[in-house]
Amino acid sequence: MTVIVERTLLGPGPSNPYPEATAALAAPLLGHLDPAFLAILDETCDRLRAVFGTENARTLPISGTGSAGMEAAFVNTVRAGDVLVVAANGLFGERMIDVAGRCGAEVVPVRFPWGQPIEVDAVLAAHPAPTLVAAVHAETSTGVRNDIAGLAAAVRARGDALVLADCVTSLAGIEVALDEWGVDIAYSGTQKCLGVAPGLAPFSIGERAWSRRVQRPQSWYLDLGMIGDYVESGARGGRKYHHTAPVAMVASLHAGLGRVLAEGLPAVYARHEAAGAALQKGLIELGLELFAADGHRLPELTTVKVPEGVDSAQVRATLLDRYDIEIGAGAGEFANSVWRIGLMGRNAQPQTVTLLLGALAEILGR
């Protein structure tokens with residue numbers, strides 16, 4: 001019989017869930033059209049509006065991980081031949097380029113070195129009149145925070161292009177303010193700072209983007225019009241069946257969001273900021289070098305260079321075997337030369353920082 005051990009999950013995701021989110025998974029199961037469940041779904045959408053910083057009516061959890069949110073964003077708003085400018089300074093910007101191309105878009109990629117932030121002026125200069133401009137807020141592969149607020153303001157000031165933001169690693173970890181910033185479409189994932197198991201993609205689309213949506217997108221499963229016929233009606237009826245909603249996951253997200261909002265978003269952001277700062281300070285004191293550019297580092301996802309002569313995989317394996325701590329390898333060409341360390345959701349705590357720094361110091365002999 002296989003025994004599942006408890007790990008401290010400090011990689012790029014999933015993170016350890018909040019206890020409230022875990023407990024909700026064990027609650028009695030409800031049908032996806034049960035009025036009691038629909039009330040939970042409605043309140044979950046309200047809570048997502050709060051963390052996204054939006055009044056968008058079409059704010060909902062999509063069935064699937066963050067990648068489903070990415071795909072939904074593109075297939076519902078992009079037509080063959082549309083010009084899309086996509087800023088990429090890491091793996092997930094590159095994934096946006098791939099997904100947009102599969103929708104038949106004329107993609108104009110604007111690439112920046114991994115570990116460096118995107119430059120708004122360079123993105124604007126890439127094309128005079130794109131249909132949509134997309135970028136990643138918190139680039140999980142590099143630990144870089146991109147200026148989505150500045151990008152959206154500049155795009156809106158110049159024309160009527162839609163603005164799409166990947167908020168998978170930023171939501172409930174650092175501030176997200178879709179309405180204030182002027183972001184039209186955004187998606188996230190439950191397994192990062194929201195402190196819920198993987199399985200849902202929080203999603204929000206504003207009126208500008210909705211009015212231009214693809215009426216019959218290439219994906220039936222991710223058709224927001226059809227999904228909306230189920231999500232948007234009142235809890236006492238009028239729902240149109242599309243697919244069986246993952247009711248236990250929605251209940252878990254509802255509970256996780258409740259935990260975040262009870263603490264208060266400013267306090268949650270401050271907790272992540274303090275934990276990230278303590279970790280980064282401690283890593284530097286161990287003689288390690290941070291990877292992401294100074295001034296643009298995420299508090300919830302830290303990237304650190306593997307010291308010369310150190311076996312990256314062996315250190316990660318020792319952390320796992322000896323301390324039950326998981327950290328992540330780098331991505332792409334940095335797979336063996338960078339570690340990715342997440343302090344997200346429940347794990348953004350000083351005791352977690354102390355645990356990891358002590359374990360690393362012992363393993364590295366520092």
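In this text, all values refer to a predicted model and were calculated from it rather than measured experimentally.
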Polar contact flag, side-chain donor to acceptor under 3.5 angstrom, Trp339-Thr303:
no
Candidate pair Arg145 and Glu139, rule salt bridge (charged side-chain N to carboxylate O under 4.0 Å, His left out), full reasoning
CA-CA 6 Å; Arg145 183 199 313 232; Glu139 179 51 79; over 6 Å; no
Starting from the C-alpha separation in whole Å, work towards a yes-or-no answer on side-chain hydrogen bond (donor to acceptor under 3.5 Å, both in side chains) for Asn347 and Ser15.
CA-CA 7 Å; Asn347 291 334; Ser15 62; 5.1 Å; no
Can you find a side-chain donor-acceptor pair between Thr318 and Gln314 that sits under 3.5 Å?
yes
Indicate yes or no for a side-chain donor-acceptor contact from Arg259 to the backbone of Leu194 under 3.5 Å, with no hydrogens or angles considered.
no
Look only at the side chain of His296 and the backbone of Ala292, and say whether a donor-acceptor pair between them is shorter than 3.5 Å.
no
Will you find, in the side chains of Thr131 and Arg79, an N or O donor that is under 3.5 Å from an N or O acceptor?
no
Test item: Ser141 side-chain N/O and Leu91 main-chain N/O as donor-acceptor pair under 3.5 Å:
yes
Looking only at side-chain N and O atoms, does His254 offer a donor or acceptor that is under 3.5 Å from a partner on Thr44?
no
Main chain of Thr169, side chain of His137: is a donor-acceptor contact present, judged purely on distance under 3.5 Å?
no
Within the side chain of Asn89, is there an N or O that forms a donor-acceptor pair under 3.5 Å with the backbone of Gln116?
yes
Stepwise, does the side-chain hydrogen bond (donor to acceptor under 3.5 Å, both in side chains) test hold for Arg340 with Thr142?
CA-CA 8 Å; Arg340 292 184 292 164; Thr142 63; over 6 Å; no
So, Thr54 side chain and Arg49 main chain: donor-acceptor pair closer than 3.5 Å or not?
no
